[in-house]
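Below you'll find the structure, written out as structure tokens, and then a few comments.
Quick note: numbers below take in every heavy atom, side chains included, and nothing from hydrogens, waters or symmetry partners. Since this is a predicted model, take the numbers as computed values, not measurements. One-based numbering, in listed order, for ligands and for the atoms of each.
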Amino acid sequence: MQGKLYIVATPIGNLDDITLRAIRTLKEVDIIAAEDTRHTLKLLNHLEISKPLISYHRHNEEVKTEELVNKLLEGKNIALVSDAGTPAISDPGAEAVKVAIEKNIEVIPIPGACAAITALIASGMDTKEFTFIGFLPQNKKNRKEKLEQIEKEERTIILYEAPHKLLKTLEDLKDILQQRKIVLARELTKIHEEYITGTVEELQNKIISPKGEYVIIIEKNGITQEKLEQMKLTEISIEEQYKYYETQGMDKKEIIKQIAKTRKVNKNEIYQKFIKA
Ligand code: SAM
């Protein structure tokens with residue numbers, strides 16, 4: 001009989017954040033496939049579990065998937081874990097799941113901590129609809145496209161970021177977000193857990209040298225495409241458009257930038273009209 005593939009979530013900081021089912025699964029499987037075997041060994045020692053470990057990480061995912069699937073076909077039950085949180089979410093795992101399904105191997109999720117959801121639920125942002133982006137691409141063109149998507153996004157946005165790249169990412173977000181609110185959820189479930197809130201500029205002033213782990217939660221774009229269309233920008237006056245943006249809480253500088261952008265005119269023209277008048 002074929003074995004089963006268990007996708008097991010592990011804590012993102014606080015070691016108590018592991019479910020009873022996850023512990024039982026880790027105890028019962030034949031093998032644990034881990035992103036970093038040394039890292040997982042610490043968790044297993046804490047749980048007093050001793051199991052054969054094999055490494056399964058981004059750089060050997062393809063080769064190791066074949067090995068995992070062969071072991072599953074031989075009848076071994078395997079638990080797949082990442083360093084922290086939920087496997088396959090900005091972590092290895094998705095490829096193993098895909099191939100296992102193709103081979104008719106049963107895949108069983110064991111839910112638990114996920115940094116994105118943990119950050120979102122205490123951020124105070126709209127949780128009704130949200131979009132998870134994970135890490136922004138490093139490739140210039142792909143990054144620009146993602147930033148454009150964020151600029152227009154009408155749902156709360158969740159990003160992951162490494163501490164050494166946080167300042168660069170905030171700088172990139174500055175142009176597109178203007179006064180939209182950001183919540184930085186730092187060191188979740190750990191001793192120094194904190195939520196830092198503000199506009200990009202405010203956060204840049206607060207965070208000089210980022211340390212620890214961060215999830216970035218970005219407020220949705222309140223000026224929806226739908227609203228913009230309703231306003232039929234070409235049919236309303238610039239004054240009406242100006243007033244509308246004021247009701248949205250935008251400051252003069254932003255309003256001028258936005259009017260210039262939507263009407264494809266020079267910022268100075270608008271500036272002359274409203275500020276100098
Ligand atoms: N699969 C994991 C999950 O969904 O929880 C995420 C893995 S991803 C490689 C690592 C990123 O998750 C970090 O760079 C950070 O953005 C976020 N993260 C993980 N643990 C965190 C924590 N305790 N506090 C804040 N962010 C965390």
Side-chain angles (χ1 to χ4, degrees), residues 5-19 21-22 25-26 32-40 42-43 46 55-61 64 79-98 107 109-125 127 130-138 143 146-147 150 156-173 182-198 200 203 206-207 209-218:
L5 175 63
Y6 295 86
I7 307 298
V8 182
T10 57
I12 55 168
N14 189 322
L15 290 182
D16 285 349
D17 292 333
I18 184 154
T19 68
R21 191 164 166 235
T25 305
L26 293 173
I32 298 174
E35 187 181 3
D36 178 340
T37 51
R38 278 178 307 176
H39 187 96
T40 298
K42 284 185 204 151
L43 175 71
H46 171 78
S55 97
Y56 185 86
H57 52 73
R58 219 174 301 285
H59 307 294
N60 67 8
E61 211 168 346
K64 285 290 176 167
L80 190 152
V81 299
S82 59
D83 283 354
T86 301
I89 302 297
S90 297
D91 261 347
E95 180 64 17
V97 171
K98 185 173 144 258
V107 178
I110 309 290
C114 173
I117 299 297
T118 309
L120 177 68
I121 56 172
S123 67
M125 295 283 197
T127 58
F130 57 87
T131 179
F132 173 72
I133 290 182
F135 293 97
L136 279 175
Q138 290 306 307
R143 191 173 175 95
K146 266 302 161 220
L147 288 166
I150 293 173
T156 304
I157 301 141
I158 309 174
L159 297 182
Y160 284 161
E161 193 48 286
H164 63 283
K165 293 188 185 145
L166 184 72
L167 293 181
K168 158 94 174 74
T169 294
L170 287 179
E171 192 56 36
D172 288 350
L173 289 171
I182 291 191
V183 176
L184 293 179
R186 177 174 172 267
E187 292 288 86
L188 292 163
T189 78
K190 303 184 197 174
I191 298 169
H192 299 294
E193 174 178 284
E194 61 176 333
Y195 281 81
I196 314 162
T197 305
V200 178
L203 293 176
K206 283 184 198 172
I207 297 159
S209 68
K211 285 188 191 71
E213 296 194 275
Y214 292 85
V215 177
I216 307 174
I217 311 275
I218 302 171

Practice item. Could you tell me whether some N/O pair between S90 and ligand 1 is separated by less than 3.5 angstrom? Key: no
Study note, to complete from the structure: Which of I18, L26, T25, L80 passes side chain to side chain contact (heavy atoms under 4.5 Å, CB included) with I110? Answer is T25
Check your understanding: Should C114 be listed as contacting ligand 1, given a heavy-atom distance under 4.0 Å as the test?
Key -> yes
Review point. Is the Y160-Y214 ring centre distance short of 6.0 angstrom?
Key: no
Review point. Does A84 reach ligand 1, in the sense of a heavy atom lying below 4.0 Å from it?
Key: yes
Practice item. Could you tell me whether R186 and ligand 1 have an N or O pair separated by under 3.5 Å? Key: no
Check your understanding: For A96, does its backbone N or O pair with a side-chain atom of Y56 as donor and acceptor, under 3.5 Å?
Key -> yes
Practice item. Identify the protein heavy atom lying closest to atom 21 (C) of ligand 1, giving its residue, its atom name and the separation to 0.1 Å. Key: E213 OE1, 3.6 Å
Review point. Does A113, backbone or side chain, put an N or O under 3.5 Å from an N or O of ligand 1?
Key: no
Practice item. For T189 and N14, indicate whether the former's side chain and the latter's backbone hold a donor-acceptor pair under 3.5 Å. Key: yes
Point to revise | Any donor-acceptor N or O pair under 3.5 Å, side chains T169, R143 | key: yes
Point to revise | Close N or O approach (R58, ligand 1; < 3.5 Å) | key: no
**Study point:** From the candidates F135, F132, Y214, the one that places a heavy atom nearest atom 10 (C) of ligand 1
**Key:** F135
Check your understanding: Which ligand 1 atoms are under 4.0 Å away from a heavy-atom of K190?
Key -> 23 (N)
Check your understanding: Just distances here: any N/O of A162 and N/O of ligand 1 closer than 3.5 Å?
Key -> no
Point to revise | Minimum-distance protein heavy atom relative to atom 5 (O) of ligand 1 | key: A115 N, 2.8 Å
Review point. Counting from 1, what ligand 1 atoms have a heavy atom of E161 closer than 4.0 Å?
Key: 14 (O), 16 (O)
Exercise for review: Using a 4.0 Å heavy-atom cut-off, say whether E187 meets ligand 1 through its side chain, its backbone, both or neither.
Suggested key: backbone
Point to revise | CD-CG distance between E161 and L184, expressed to the nearest 0.5 angstrom | key: 10.5 Å
Practice item. Can you pull out the closest protein heavy atom to atom 26 (N) of ligand 1? Residue, atom name and distance to 0.1 Å, please. Key: V215 CG2, 3.4 Å
Exercise for review: Indicate yes or no for a side-chain donor-acceptor contact from T86 to the backbone of I89 under 3.5 Å, with no hydrogens or angles considered.
Suggested key: no
Check your understanding: Less than 3.5 Å between some nitrogen or oxygen of L188 and one of ligand 1, yes or no?
Key -> yes
Practice item. Run the numbers for me: atoms of ligand 1, each under 4.0 Å from some heavy atom of A185, listed by number. Key: 25 (C)
Point to revise | Exercise: do S55 and N60 side chains pair donor with acceptor under 3.5 Å | key: yes
Check your understanding: Just checking, any donor-acceptor pair under 3.5 angstrom between side chains of T40 and K42?
Key -> no
Revision key, fill the gap. Distance col, row S123:OG vs I218:CD1, nearest 0.5 angstrom, shows 11.5 Å
Practice item. Please report the C-alpha distance between E35 and V81 in whole Å, then the side-chain angles of each, then the deciding distance to 0.1 Å, and finally whether the side chain to side chain contact (heavy atoms under 4.5 Å, CB included) criterion is met. Key: CA-CA 7 Å; E35 187 181 3; V81 299; over 6 Å; no
Exercise for review: Examine the proximity of ligand 1 to P87 and report which part, side chain or backbone, both or neither, has a heavy atom under 4.0 Å away.
Suggested key: neither
Review point. Should the pair E213-K190 be classified as a salt bridge under the 4.0 Å nitrogen-to-oxygen rule?
Key: yes
Review point. So, is Y160 polar-close to ligand 1, with some N/O to N/O distance under 3.5 Å?
Key: yes
Check your understanding: Given that the side chain starts at C-beta and the backbone is N, CA, C, O, which of these parts of D91 lies under 4.0 Å from ligand 1, counting heavy atoms, or is it both or neither?
Key -> side chain
